[in-house]
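First the proteins, then the strands, lettered A, B, ... as listed; each starts at 1.
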Amino acid sequence: MADKKVRVRFAPSPTGGLHLGGVRTVLFNYLFAKQHGGDFVLRIEDTDQNRYVEGAEQYILDCLAWCGLIPDESPVVGGPFAPYRQSERKPLYREYAEKLVMEGHAYYAFDTPEELDAKRKEVPNFQYGHAHRDELRNSLSLSQHEVDALLDAHTPHVIRIKMPTDETISFNDMIRGHVSFETNQVDDKVLLKADGMPTYHLAVVVDDYLMKISHAFRGEEWLPSAPVHLLLWDYLGWKADMPQWAHLPLILKPDGHGKLSKRDGARLGFPVYAMSWFDVKTDELTQGFRELGFLPEAFLNLLAMLGWNDGGDQEIFTLDALVEKFSIERVSKAGAKFDYEKAKWYNAEWIKKTSAEGLKDKVITVFADKGVAVNDDQYLLTVIDAVKERCILLPDFYQQASFFFGVPKEYDINSVKPKWNEAKDAFFNLLIDRYAASHTWDALELENIFKALMEEKALKAGDVMLPFRIMLVGGKFGPHVFDIAAMLGKEETIGRIEKALVVFNG
RNA sequence: GGCCCGUUCGUCUAGGGGUUAGGACGUUAGAUUUUCAUUCUAGAAACAGGGGUUCGAUUCCCCUACGGGCUACCA
């Protein structure tokens with residue numbers, strides 16, 4: 001086991017949107033695998049036919065593709081351990097479950113859900129385990145003859161693990177260190193459901209074994225069922241091949257307490273899913289990080305820092321840097337509250353850090369969504385460089401730069417009108433002439449002309465700078481006003497002044 | 001309730017028997033920009049509590065409190 005090739009897996013169930021905690025689990029798996037030259041496997045855990053949601057698998061694939069965390073093996077690309085959908089591996093699990101029954105580590109249970117409910121009401125803190133299994137209908141309490149009869153009659157039944165009595169199960173978690181459990185406290189979990197599908201408990205160990213998984217990273221919510229998995233690895237005779245476990249801390253609500261859920265996102269106004277997800281059952285759309293305008297690099301970066309750090313002061317990491325520096329031992333044990341403000345900061349940093357060329361296609365999409373066509377790439381690149389440091393999310397590019405691609409639709413007239421007068425009107429009419437006469441057209445020259453005229457007319461910058469900005473931009477935002485004029489060009493700048501003058505004087 | 005895991009500024013965290021307990025987000029003040037934003041400077045802000053162990057605990061141990069997770073024929 002020492003020299004085993006590193007193989008990790010992400011095993012989501014295709015039931016809906018992909019939670020950022022899920023993406024973080026993918027990320028940590030991916031980083032670990034790549035760092036060790038290993039494989040990253042995507043396995044679809046679709047054993048619950050009731051919860052299966054059409055399209056969810058493709059959506060998960062799309063999310064991973066957006067993030068750039070591409071599986072080496074998956075249902076779509078296949079691999080040496082196909083199939084990668086548990087529903088397609090169904091017959092396999094029964095075999096192992098029966099083997100466990102045969103060897104006395106599991107048993108048939110015939111209790112109906114109603115009987116179980118009744119038992120739970122009757123017995124406080126009921127657990128299907130050593131204390132009560134004799135009182136229920138299973139192959140441990142019934143005679144062999146009765147069991148055979150029930151089986152022959154195709155009576156619906158499940159297979160449960162038989163938890164041993166008075167044993168301590170412990171293991172070494174890569175993040176938490178030594179963890180231990182008393183078997184008496186763990187119930188006889190169902191391994192094979194009445195429909196013949198395995199539960200997570202059986203499927204995860206069978207598939208991790210068959211797919212030669214070397215390291216199993218999953219959320220902390222799995223910790224309580226770890227002893228069941230440990231026992232299964234042992235009972236199935238695979239103990240020597242058991243992966244090393246690491247249980248990741250949970251991502252918590254920013255306010256209050258508890259696991260972060262999509263509801264919190266809706267309530268507090270931030271995304272929780274990687275990409276938008278439309279739930280056909282409830283007819284509701286949950287916004288994703290991608291659609292809200294996050295760069296995948298920023299998304300990954302902020303996720304990585306939620307529970308991990310390299311020990312230094314660095315905050316911004318590329319995926320490659322993360323692959324190099326990541327260490328599962330440096331993942332913190334405690335859950336982390338999600339901080340959307342900091343998430344946005346990461347995105348702003350990444351927008352600043354990314355070249356105009358790298359931002360181009362995404363900005364074009366932002367404009368296209370707003371119905372603005374961009375047909376001059378070179379001009380767009382200049383615009384992006386001029387405004388990117390004032391953008392936090394991608395859609396901000398529209399707010400910050402749309403005026404570069406069209407005359408302002410509205411003017412912040414209230415910021416001009418109260419102080420507007422004939423002197424200012426005269427100033428701008430003269431400015432049109434001066435600008436029209438100018439042979440050079442760059443920011444410095446435009447500013448010189450502007451200021452010279454200002455002095456002539458005994459006007460202050462405060463009197464005319466803002467109106468000028470509003471003429472070109474429409475509002476009190478954007479880069480330096482002479483830079484804007486320079487980029488807009490002579491004809492456009494003059495045209496905008498003329499057009500605005502009509503409005504201001506009206 | 002039972003079991004398991006956890007606990008350093010508001011948040012994410014570094015650190016580790018002797019430190020002015022460091023960084024980042026946010027926040028406050030100032031500089032720059034007489035649009036904002038960016039940038040820069042400065043500031044406020046934390047070791048849950050109680051017992052041990054020790055010359056000395058925020059750091060190691062125990063207890064308590066608090067928080068979280070699990071407790072389905074869901075994952």
Side-chain angles (χ1 to χ4, degrees), chain A residues 11-15 22 45-51 86 109 111-113 116-117 120 124-128 156-160 173 175-177 179-182 184-187 189-201 203-204 218-227 247 249-259 302 305-316 330 332-346 348-349 352 387-392 396 400 412 415 460-463 465-466 468-470 473 475-481 484:
Chain A
S13 63
T15 52
E45 308 229 341
D46 53 352
T47 54
D48 187 347
Q49 292 159 334
N50 300 317
R51 293 214 306 159
Q86 290 182 331
D111 318 274
T112 64
L116 256 17
D117 282 348
R120 288 196 183 94
N125 301 328
F126 171 76
Q127 278 202 317
Y128 205 125
H157 63 278
V158 302
I159 292 178
R160 287 179 181 271
D173 187 282
I175 294 172
R176 281 148 219 288
V179 181
S180 72
F181 302 85
E182 299 303 321
N184 291 2
Q185 305 290 343
V186 184
D187 61 343
K189 291 265 185 287
V190 170
L191 264 22
L192 200 75
K193 299 185 265 189
D195 64 2
M197 277 289 197
T199 59
Y200 172 82
H201 306 298
V204 74
R218 57 180 8 172
E220 190 186 347
E221 70 266 32
W222 290 107
L223 207 41
S225 54
H247 290 88
L250 266 16
I251 297 176
L252 278 12
K253 300 174 195 293
D255 62 347
H257 304 286
K259 271 198 284 191
L302 72 93
M305 303 312 287
L306 223 43
W308 174 86
N309 74 86
D310 79 334
D313 289 341
Q314 191 177 344
E315 303 270 344
I316 303 299
R330 285 198 65 86
S332 49
K333 299 180 180 73
K337 287 183 187 169
F338 179 65
D339 181 354
Y340 189 50
E341 290 307 314
K342 190 149 190 181
K344 286 192 290 191
W345 175 79
Y346 277 109
E349 289 299 306
K352 277 185 280 185
V387 304
K388 69 176 186 176
E389 68 198 28
R390 40 209 341 133
C391 294
I392 293 170
D396 294 344
Q400 291 295 331
D412 180 358
S415 298
K460 293 196 197 94
D463 298 326
M465 290 280 270
L466 187 62
F468 187 39
R469 165 173 298 279
I470 289 174
V473 174
K476 291 191 279 189
F477 57 89
H480 292 292
V481 70
I484 295 170

Review point. Heavy atoms, side chains only, cut-off 4.5 Å: are A/Leu223 and A/Arg176 in contact?
Key: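 Side-chain contact under 4.5 Å: yes.
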Under 4.0 angstrom, heavy atoms only, what part of the nucleic acid is [X] near: base, sugar-phosphate, or nothing?
X        : result
A/Gly258 : sugar-phosphate
A/Phe477 : base
A/Lys344 : nothing
A/Ser332 : sugar-phosphate
A/Val190 : sugar-phosphate
A/Ala194 : base
A/Ser180 : sugar-phosphate
A/Arg176 : sugar-phosphate
A/Pro113 : base
A/Arg120 : sugar-phosphate

Point to revise | Pair A/Arg120 + A/Asp117, salt bridge at N-O below 4.0 Å | key: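 Looking at A/Asp117 together with A/Arg120, the answer is yes, because their closest N to O distance falls below 4.0 Å.
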Exercise for review: List the steps and the verdict of side chain to side chain donor-acceptor pair (under 3.5 Å) for A/Tyr128 and A/Asp111.
Suggested key: CA-CA 11 Å; A/Tyr128 205 125; A/Asp111 318 274; 2.6 Å; yes
**Study point:** A/Thr47 side-chain N/O to B/rA75 phosphate OP1/OP2 under 4.0 Å
**Key:**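 The answer is yes; a side-chain N or O of A/Thr47 sits under 4.0 Å from OP1 or OP2.
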Review point. Is a donor on one side and an acceptor on the other found under 3.5 Å between the side chain of A/Asp173 and the backbone of A/His247?
Key: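 Between the backbone of A/His247 and the side chain of A/Asp173 there is a qualifying donor-acceptor contact (under 3.5 Å).
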